Amino acid sequence: GLGDVYKRQELARDFDICRNEGLLLAEIDSRSLAEQLIGTLFELRLNNTSREELYMLSKTILRGAATQAGIDWIDRKR
C-alpha cells in the first residue's frame, strides 16, 4: 500500500544520506537496497522469523553495503 511505498522511499533517502556521508559504498543503489531489504524482511516476518533474527540479518546486509566507517558506526549501535 501507500505506507509501504513511503517507507521504501524514506529508507532509500536515508541510504542516500549515508552514502553522501561516506557510510555506504558509492556503488550501492539506494532505492534497490531499500526495496530488497524491506521485501526480504517482510517475507521473513510472514514466515514467523523472530525480530532478533530480522535484526541480525538487517545488520549483516547493511554491513555488507557499508564502507569501513559505516561498519564501525553499525557496530557501535546496540
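Please read all numbers here as calculations on a predicted model, not as lab measurements. The residues of the chain are indexed from 1 along the displayed sequence.
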Undergrad: Is there a side chain to side chain contact (heavy atoms under 4.5 Å, CB included) between Ile61 and Leu33 once you walk through the steps?
TA: CA-CA 9 Å; Ile61 291 170; Leu33 179 59; 4.2 Å; yes
Undergrad: Lys59 and Asp75: which non-hydrogen atoms are nearest, and at how many Å?
TA: CE-OD1, 4.0 Å
Undergrad: Nearest 0.5 Å, please: how far is CZ in Arg13 from CZ in Arg8?
TA: 15.5 Å
Undergrad: Is the closest side-chain heavy-atom distance between Tyr55 and Leu41 below 4.5 Å?
TA: no
Undergrad: Given 3.5 Å as the limit, does a donor-acceptor pair link the side chain of Ser58 with the main chain of Leu54, or not?
TA: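 Side chain of Ser58 to backbone of Leu54: a pair is present.
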Undergrad: Taking atom CG of Asp14 and atom CG of Leu24, what is their separation to the nearest 0.5 Å?
TA: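 With rounding to 0.5 Å, CG (Asp14) is 11.0 Å from CG (Leu24).
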Undergrad: Hey, is the main chain of Ser50 close enough, under 3.5 Å, to the side chain of Glu53 for a donor-acceptor pair?
TA: yes
Undergrad: Sub-3.5 Å donor-acceptor pair from the side chain of Arg45 to the main-chain atoms of Thr49, do we have one?
TA: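 Side chain of Arg45 to backbone of Thr49: a pair is present.
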Undergrad: Test side chain to side chain donor-acceptor pair (under 3.5 Å) on Asn47 and Glu43; report intermediate values, then the result.
TA: CA-CA 6 Å; Asn47 289 308; Glu43 287 295 323; 4.8 Å; no
Undergrad: How far does CG of Leu62 sit from CH2 of Trp73, to the nearest 0.5 angstrom?
TA: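 Here the interatomic distance stands at 9.0 Å.
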Undergrad: Would you compute the distance between atom CZ of Phe15 and atom CG of Leu11 and round it to the nearest 0.5 angstrom?
TA: 3.5 Å
Undergrad: Donor-acceptor check, side chain of Thr67 to backbone of Leu25, threshold 3.5 angstrom: yes or no?
TA: no
Undergrad: Can you measure from CD (Gln9) to CD (Glu35) and round to the nearest 0.5 angstrom?
TA: 9.5 Å
Undergrad: How long is the span from the CZ atom in Arg51 to the CG atom in Leu44, to the nearest 0.5 Å?
TA: 13.0 Å
Undergrad: Quick check: closest heavy atoms across Ile74 and Ala66, and the distance to 0.1 Å?
TA: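 Taking every non-hydrogen atom into account, CD1-CB, 4.2 Å.
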Undergrad: Other than Leu23, what residues sit in its cluster of Ile, Leu, Val, Met, Phe, Trp and Tyr side chains whose heavy atoms are under 4.5 Å apart, directly or through others?
TA: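 Other cluster members: none.
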Undergrad: Using every non-hydrogen atom in the two residues, find where Ala34 and Ala12 come nearest and quote the distance to one decimal.
TA: CB-N, 3.7 Å
Undergrad: Taking all atoms of both residues into account, what is the closest heavy-atom pair of Ala65 and Ile28, and its distance?
TA: O-CG1, 3.8 Å
Undergrad: Any idea which heavy atoms bring Ser30 and Asp16 closest together, and the distance?
TA: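 Result for this residue pair: OG-OD1, 2.6 Å.
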Undergrad: Around atom CZ of Arg31, are there more than 12 heavy atoms of other residues, nucleotides or ligands at under 6.0 Å?
TA: no
